[in-house]
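Scroll down for the structure; my scribbles are underneath it.
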Amino acid sequence: MSAKSIRFENVSKAFGKSRAVDNVSFTIQAGTLVTLLGPSGCGKTTTLRMIAGLEMTSSGHILIGDEDVTHVPASERDVSMVFQSYALFPHMNVLENVGYGLKVQGRSKKDTQDRAEAALETVGLAGFGERLPSELSGGQQQRVAVARALVLEPGVLLFDEPLSNLDARLRRHMREEIRELQQRLELTVVYVTHDQAEAMAVSDRIIVMNKAVIAQEGTPDELYEIPANSFVAGFMGDANQVHGTLLRIDERRGKLMLGATFTVLPHRGLSNGDVVVSIRPEALEIHALNSEIPENSFPATVKKSAYLGGAMEYTLQSDIGDLFAVSMDVHHRHLPGDAVRLTLQAKGVTAIPDH
Ligand code: ATP
């Protein structure tokens with residue numbers, strides 16, 4: 001199995017008058033797992049289907065490895081896809097399902113059986129070959145679907161919302177399995193999901209899509225810590241979005257005025273003036289008035305508090321707006337009506353353009 005890179009060069013796809021994908025370019029390195037993430041209708045499935053050759057581009061070029069596959073049909077691309085529905089043949093047993101693609105390729109019976117058995121072993125299903133799909137759990141069916149794609153030793157493996165039919169616990173387990181397999185076999189995997197936590201858990205890099213274009217591309221850390229725009233800030237986890245004023249200090253840093261408080265952060269090329277500020281819930285520190293209060297704090301009143309076992313969630317009223325905060329300190333709780341002071345941690349506060 002030799003993993004291949006993928007390259008999109010100014011790719012668009014129109015259905016009638018509407019553009020599902022609009023002039024999108026990206027590169028996926030061989031041997032990495034990259035997720036296409038975004039809300040329903042943003043174009044991620046169409047992008048995945050264009051990699052597979054199940055949709056043809058309206059314009060632009062697609063390269064897989066060194067080959068321009070823009071006009072190459074699906075059957076001749078070195079790509080396998082695991083579908084949301086698994087699409088297992090109900091009348092074939094597990095071994096026949098896994099070996100089906102090899103049989104179609106004209107491989108010998110012995111070779112097909114040996115490879116199918118090896119693929120089943122890879123996904124932890126050795127000994128399940130004789131069963132029918134209906135005799136398997138959802139997670140096991142999912143593994144059969146993965147084995148069936150793996151057995152073809154594709155240069156690129158695609159997953160279209162692979163876990164959406166599974167319950168929450170199994171989803172977590174299966175996503176870890178997919179990641180482990182991808183790393184062990186050094187596969188190139190492109191994974192589509194609308195679940196931000198799932199994307200962050202499995203990916204080397206994430207391509208966030210919104211309305212047919214790329215909103216931002218980066219590592220999970222980059223997208224969470226330094227979102228490029230309000231959409232990404234809001235989509236990659238919870239974020240308070242408030243208004244502030246930026247004053248550049250030097251080449252790199254800016255002073256950000258937020259009501260009665262300020263913080264110094266990287267200005268990331270933004271000009272002086274109004275900006276939107278994304279504040280992660282864990283970046284707000286809450287101080288009781290009878291405790292030692294650091295400098296540069298600002299006042300707030302607790303509106304709501306909820307105990308979640310491992311953490312507290314607060315809604316706070318302040319001069320810069322209502323703020324949502326999460327604190328791991330469940331021993332010193334603040335109650336609705338309490339006056340408190342807030343400070344901002346450096347991590348988790350980002351200035352983004354005000355539009
Ligand atoms: P979801 O998570 O709901 O599957 P998505 O991000 O995968 O959404 P796509 O399936 O890529 O989005 O669809 C993008 C846009 O293209 C949508 O507006 C959709 O209605 C449209 N679209 C997709 N396939 C077709 C088609 N075969 N014919 C017409 N329009 C289509």
Side-chain angles (χ1 to χ4, degrees), residues 6-28 33-64 69-75 77 79-87 138 142 145-146 149 156-168 170-172 174-175 178 188-218 220 223 227-237:
I6 302 164
R7 194 173 164 83
F8 267 44
E9 292 175 353
N10 306 107
V11 171
S12 295
K13 175 70 186 178
F15 292 108
K17 277 191 183 150
S18 76
R19 283 195 170 204
V21 174
D22 191 5
N23 198 23
V24 160
S25 301
F26 58 79
T27 300
I28 293 175
L33 192 156
V34 174
T35 298
L36 300 170
L37 173 70
S40 183
C42 70
K44 52 195 188 299
T45 302
T46 303
T47 303
L48 195 77
R49 290 173 63 81
M50 285 195 285
I51 299 172
L54 299 172
E55 297 289 356
M56 288 301 175
T57 59
S58 302
S59 60
H61 289 272
I62 299 177
L63 282 88
I64 295 183
V69 298
T70 312
H71 303 292
V72 173
S75 58
R77 294 190 189 186
V79 171
S80 285
M81 185 142 156
V82 178
F83 293 93
Q84 189 172 0
S85 58
Y86 315 145
Q142 165 71 323
V146 173
V156 171
L157 186 58
L158 307 177
F159 287 89
D160 183 10
E161 301 253 6
L163 309 181
S164 49
N165 293 336
L166 305 177
D167 67 48
L170 195 53
R171 262 210 308 265
R172 186 183 296 257
M174 288 307 296
R175 79 187 186 201
I178 289 172
T188 305
V189 168
V190 188
Y191 190 103
V192 161
T193 182
H194 59 266
D195 181 334
Q196 163 259 340
E198 190 173 306
M200 290 188 75
V202 298
S203 311
D204 291 303
R205 297 181 73 78
I206 299 172
I207 298 172
V208 183
M209 294 187 72
N210 185 30
K211 296 184 183 159
V213 299
I214 295 178
Q216 190 176 358
E217 188 203 334
L223 296 173
N229 48 55
S230 306
F231 175 79
V232 174
F235 199 75
M236 300 299 294

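Whatever order the structure lists them in is the order used to number ligands and atoms, beginning at 1.
Every N/O-N/O distance between Ala20 and ligand 1 stays at or above 3.5 Å.
Taking atom 13 (O) of ligand 1 as the reference point, the nearest protein heavy-atom neighbour is Thr46 OG1, 3.7 Å. Among protein heavy atoms, the minimum distance from atom 27 (N) of ligand 1 is reached at Phe15 CE2, 3.5 Å. Among all protein heavy atoms, the one lying closest to atom 3 (O) of ligand 1 is Ser40 OG, 2.6 Å. Remark: minimum distance from atom 4 (O) of ligand 1 to any protein heavy atom is reached at Thr45 OG1, 3.5 Å. Atom 14 (C) of ligand 1 has as its closest protein heavy atom Gly41 O, 3.5 Å.
Distances from atom 10 (O) of ligand 1 to the protein include at least one heavy-atom value under 4.0 Å. For atom 29 (C) of ligand 1, the nearest protein heavy atom is under 4.0 Å away.
Using a 30° and 60° split on the angle between ring planes, Tyr191 and Phe159 fall in the tilted class, from 30° to 60°.
To the nearest 0.5 Å, atom CD of residue Gln216 and atom CD1 of residue Ile206 are 10.0 Å apart. Taking CG of Leu163 as the reference point, atom OG1 of Thr193 lies at 7.5 Å (rounded to 0.5 Å). Within the model, atoms CG of Leu54 and CG of Leu158 stand 8.5 Å from one another, a figure rounded to the nearest 0.5 Å.
Using 4.0 Å as the threshold, Gly38 has no heavy atom nearer than that to any atom of ligand 1.
Counting heavy atoms only, Lys44 comes closest to atom 2 (O) of ligand 1 of the residues Glu55, Lys44, His194.
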Atom pairs and distances, side-chain donor-acceptor, residues 10-23, under 3.5 Å, sequence neighbours left out:
from: Asn10; atom 1: ND2; to: Asn23; atom 2: OD1; distance (Å): 3.1
from: Ser12; atom 1: OG; to: Arg19; atom 2: NH1; distance (Å): 3.3
from: Ser12; atom 1: OG; to: Asn23; atom 2: N; distance (Å): 2.8
from: Lys13; atom 1: NZ; to: Met56; atom 2: O; distance (Å): 2.7
from: Ser18; atom 1: OG; to: Phe15; atom 2: O; distance (Å): 3.4
from: Arg19; atom 1: NH1; to: Asp22; atom 2: OD1; distance (Å): 2.7

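Across Thr70 and Ile62, no two heavy atoms sit closer than the pair OG1-N, 3.0 Å.
For ligand 1, the atoms sitting less than 4.0 Å from at least one non-hydrogen atom of Cys42 are 5 (P), 6 (O), 12 (O), numbered in the order shown with element in parentheses.
Applying the salt bridge (charged side-chain N to carboxylate O under 4.0 Å, His left out) criterion to Arg171, with sequence neighbours excluded, gives no partner residue.
Within the 4.5 Å cutoff, side-chain heavy atoms of Glu161 are placed close to those of Lys44.
Residue contacts with ligand 1, taken as heavy atom pairs separated by less than 4.0 Å, involve Pro39 solely via the backbone atoms N, CA, C and O.
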